[in-house]
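Source: prediction; values computed, not measured. Along the sequence shown, the residues carry numbers beginning at 1.
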Amino acid sequence: GLLAALGLASAAAAATWTGAGTDDNWTTAANWGGTAPAPGAALTFAGSARTAPVNDFAAGTAFGGVTFAADAAPFTLSGQALSLSGTTDNSSATAQTFALPTTFTKDAVLDAKAGDLVFAAPFALDVATSEGRVYKCGPHDLVFIGAHAFANANPRVVLQNGGLRFAPGSSFRWTGPSSGNRFSLDVQPNAPDRRLHFVVEEGAEVWFPNITVFSSAHGNLSGSTFDMVVDGRLSLYNGDTDFGDQAGSNITLTVGRSGDFYANWFSMGTRTPQTTTVDGGRFTVDSAAFGRHIGTGDRPGRNTFLLHAGQVVVSNYFGTMSTFSPTVENRMVFGNGVRDGATFESVPFTRAGTTRTGQVLLAFDGAEIVTRRATGNGVDFFGGTEAKEVLAGGFIFRADYQTDVVGALTHGAALPDGVRDGGITKRGPESLTLRDRPTVNGPVRVEEGRLSFYTAPPADMCALYMAPGTMFNLKNNGD
């Protein structure tokens with residue numbers, strides 16, 4: 001098995017905590033049934049006597065591993081820095097806490113089998129190779145409190161089951177070389193139908209250079225789910241961030257009201273369906289692929305992107321769907337029915353290939369769309385998407401650069417009969433040209449710059465509002 005392959009067995013006699021001594025010290029023989037553990041021993045904590053054991057061995061004394069027995073009350077281990085070469089196993093239904101610095105000298109196997117494992121003091125790897133692994137097993141959580149850092153050249157955290165949770169005020173980062181190898185998180189279930197999660201709580205700060213979720217290279221992961229919740233700060237800052245390359249599973253990413261998410265490169269929904277929700281925080285990517293934007297063959301993954309509130313920024317590249325399957329739909333919803341409740345700031349979208357027939361459907365519901373780069377004449381800012389519906393919040397566009405939109409803005413089909421959509425609002429100093437005649441029935445507002453209709457304005461618009469100094473072209477095709 002994995003443990004044997006990693007060489008985690010200990011040659012020293014195992015020791016079990018009984019807590020029968022007159023103090024909480026590890027060196028007190030009576031606390032271990034009459035014989036204190038020798039260095040290298042595997043340690044077991046059981047029962048409910050003296051649940052705050054103090055490691056008074058010399059700092060860095062090595063032990064084989066730590067197990068919390070099924071009958072263990074909640075323990076908090078404190079004292080001198082601890083060195084472990086074996087597995088850490090919580091078979092108790094209660095959370096168990098390491099409140100002392102803990103360093104793993106072999107790949108760390110952390111099995112939250114029946115309850116959470118909590119590290120409330122520095123957690124580190126010091127393995128013989130430059131790599132080193134932390135394997136998170138078991139359906140319960142591995143929780144980090146306080147500050148934690150990794151200096152290995154290429155460490156990996158492998159989430160196989162359960163979750164990783166970063167408590168309020170905690171920090172978790174890599175301090176290794178700035179080039180070459182990279183620290184990464186691999187979401188890699190060790191069997192199908194796993195339920196995995198990753199939670200950055202408010203006030204926590206977490207840095208990973210890279211994250212790979214459900215890679216097909218890891219075998220059959222079908223039926224598994226991965227839910228990422230960002231209420232603190234999460235930075236994925238160096239290289240590809242690949243969300244979903246496995247059919248039959250599902251991924252969600254939620255950026256909450258206090259969340260701050262950053263990725264250098266972010267692939268959403270390749271083979272694995274994914275839903276990304278921004279609900280009041282900030283979501284920033286340098287480059288993003290919405291659906292599968294490269295590669296050959298069919299990619300059945302799909303992506304739903306919901307901007308309810310907060311801010312989204314795409315600064316360099318945004319590639320939309322490139323699947324060859326016409327049955328696959330990718331959806332983006334900008335807003336939640338409240339005017340100016342959200343902002344989407346982006347470079348123009350790029351559609352990767354005319355032979356790829358998957359659908360990209362957009363719905364505008366009150367978020368402000370802001371350009372970061374001009375489009376060419378007749379080039380759709382949204383990359384040739386199949387549908388552009390306008391809902392109750394309306395289509396609000398700020399043209400800081402000259403921009404064209406190709407494909408009609410249509411009245412939202414989901415709106416009840418007799419309910420008007422939110423219409424069209426033009427902002428920004430540069431021109432916005434709508435190349436196809438909209439079918440919206442809400443008001444048209446020109447607050448800044450120029451709004452042009454290349455063919456004709458909407459026939460059913462209910463009102464026209466123009467701020468002083470603005471321009472409104474009813475037709476801009478040379479007629």
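Taking the six-membered ring for Trp, Tyr262 and Phe283 have ring centres at least 6.0 Å apart. When ring centroids are compared, Phe172 and Phe208 come within the 6.0 Å threshold. Ring centers of Phe266 and Phe261: under 6.0 Å apart, within the cut-off.
Not a single donor-acceptor pair under 3.5 Å links the side chain of Asp365 to the backbone N or O of Val390. Remark: side-chain polar atoms of His148 are paired, donor with acceptor, to backbone N or O of Ile145 under 3.5 angstrom. Listed for the Gln80 side chain is no donor-acceptor partner under 3.5 Å among the backbone atoms of Asn55. Judged purely by atom type and a 3.5 angstrom limit, Ser170 uses its side chain to pair as donor or acceptor with the backbone of Ala167. Here the side chain of Ser78 pairs no donor or acceptor atom with the backbone of Leu100 at under 3.5 angstrom. Within the 3.5 Å criterion, the main-chain N or O of Asp89 finds no donor-acceptor partner in the side chain of Lys113. Judged by distance alone, with hydrogens and angles left aside, the side-chain atoms of Asp116 form no donor-acceptor pair with the main-chain N or O of Val118 at under 3.5 Å. Side chain of Arg50 to backbone of Gly21: a donor-acceptor contact under 3.5 angstrom is found. In terms of modelled atom types and a separation under 3.5 Å, the side chain of Ser224 and the main chain of Asp193 share a donor-acceptor contact. Checked by atom type and distance alone, the side chain of Asp279 never pairs as donor or acceptor with a backbone atom of His308 at under 3.5 Å.
Between Gln274 atom CD and Ser249 atom OG the span is 12.5 Å, to the nearest 0.5 Å. Rounded to the nearest 0.5 Å, atoms CG (Leu82) and OG1 (Thr102) are 5.0 Å apart. How far CG of Asp111 is from OG of Ser91: 7.0 Å, rounded to the nearest 0.5 Å. Taken to the nearest 0.5 Å, the CZ atom of Phe75 stands 7.5 Å off from the OG atom of Ser48. Atom OG1 of residue Thr276 and atom CE of residue Met332 lie 9.0 Å apart, to the nearest 0.5 angstrom. For the atom pair OG1 of Thr27 and CG of Asp56, the computed distance is 3.0 Å after rounding to the nearest 0.5 Å.
Ring geometry for Phe68 against Phe98 counts as perpendicular: the plane angle is over 60°, on a 0 to 90° scale with 30° as the lower cut. The aromatic rings of Phe334 and Phe364 sit parallel to each other, their planes meeting at less than 30°, with 60° as the upper class boundary. Aromatic ring pairs are classed by plane angle as parallel below 30°, tilted from 30° to 60° and perpendicular above 60°; the pair Trp26 and Phe45 is tilted. Ring-plane geometry between Phe166 and Phe144 is classed as parallel, the angle between the planes falling under 30 degrees on a 0 to 90 degree scale with a further cut at 60.
Nearest approach of Asn161 to Pro139, heavy atoms of both residues: ND2-N, 3.8 Å. Nearest heavy atoms, Arg194 versus Pro189: CG-CB, 3.6 Å. Closest non-hydrogen pair, Asp231 versus Gly256, comes out as OD1-CA, 3.2 Å. Taking both residues in full, the closest heavy atoms of Ala41 and Pro37 are given as CB-CB, 4.2 Å, listed atom of the first, atom of the second, then distance.
Between Thr252 and Thr277 the shortest side-chain heavy-atom distance does not fall below 4.5 Å. Proximity of Trp207 to Ser171: side-chain heavy atoms (C-beta onward) are separated by under 4.5 Å at one or more points. Side-chain contact check for Arg427 versus Ile396: some heavy-atom pair is nearer than 4.5 Å. Within the 4.5 Å cutoff, the side chain of Phe305 has no heavy atoms near those of the Arg331 side chain. You'll find the side chain of Leu164 reaches within 4.5 Å of the side chain of Val157, heavy atoms only. At least one side-chain heavy atom of Trp32 sits less than 4.5 Å from a side-chain heavy atom of Leu43. A 4.5 Å side-chain heavy-atom check between Thr304 and Asn330 finds every atom pair outside the cut-off. You'll find the side chain of Leu159 reaches within 4.5 Å of the side chain of Phe226, heavy atoms only.
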Are Asp71 and Ser92 close enough, and set up right, to give a side chain to side chain contact (heavy atoms under 4.5 Å, CB included), and what steps lead you there?
CA-CA 6 Å; Asp71 68 344; Ser92 165; over 6 Å; no
Worked check of side chain to side chain donor-acceptor pair (under 3.5 Å) between Arg282 and Thr284:
CA-CA 6 Å; Arg282 179 179 172 89; Thr284 306; 3.2 Å; yes
Stepwise side chain to side chain contact (heavy atoms under 4.5 Å, CB included) check, Thr343 with Val370
CA-CA 7 Å; Thr343 302; Val370 181; 3.9 Å; yes
Show, in sequence, the C-alpha distance, side-chain angles and deciding distance for Arg339 and Thr425, and conclude whether the side chain to side chain donor-acceptor pair (under 3.5 Å) test is met.
CA-CA 10 Å; Arg339 284 181 61 82; Thr425 299; 3.2 Å; yes
Criterion side chain to side chain contact (heavy atoms under 4.5 Å, CB included) on Asp227 and Leu196, from CA distance to verdict
CA-CA 6 Å; Asp227 299 313; Leu196 304 102; over 6 Å; no
Stepwise, does the side chain to side chain contact (heavy atoms under 4.5 Å, CB included) test hold for Leu110 with Phe104?
CA-CA 11 Å; Leu110 306 173; Phe104 290 86; 3.7 Å; yes
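Side-chain contact of His197 with Asp141: a donor-acceptor pair under 3.5 Å is present, judged by distance alone. Side-chain polar atoms of Arg373 and Thr371 form no donor-acceptor pair below 3.5 angstrom. Side-chain contact, Asn250 with Thr225: no donor N or O sits under 3.5 Å from an acceptor N or O.
Salt-bridge check for Arg156 with Asp107: failed, with every basic side-chain N at 4.0 Å or more from each acidic carboxylate O. Ionic pairing of Arg133 and Asp186 is not present here: no N-O contact between side-chain nitrogen and carboxylate oxygen is shorter than 4.0 angstrom.
Counting non-hydrogen atoms of neighbouring residues, nucleotides and ligands closer than 6.0 angstrom, the CD atom of Glu345 exceeds 12 such neighbours.
Tested against Val285 for a side-chain contact (heavy atoms from CB on, under 4.5 Å), the candidates Asn316, Val314, Asn264 yield a single pass: Val314.
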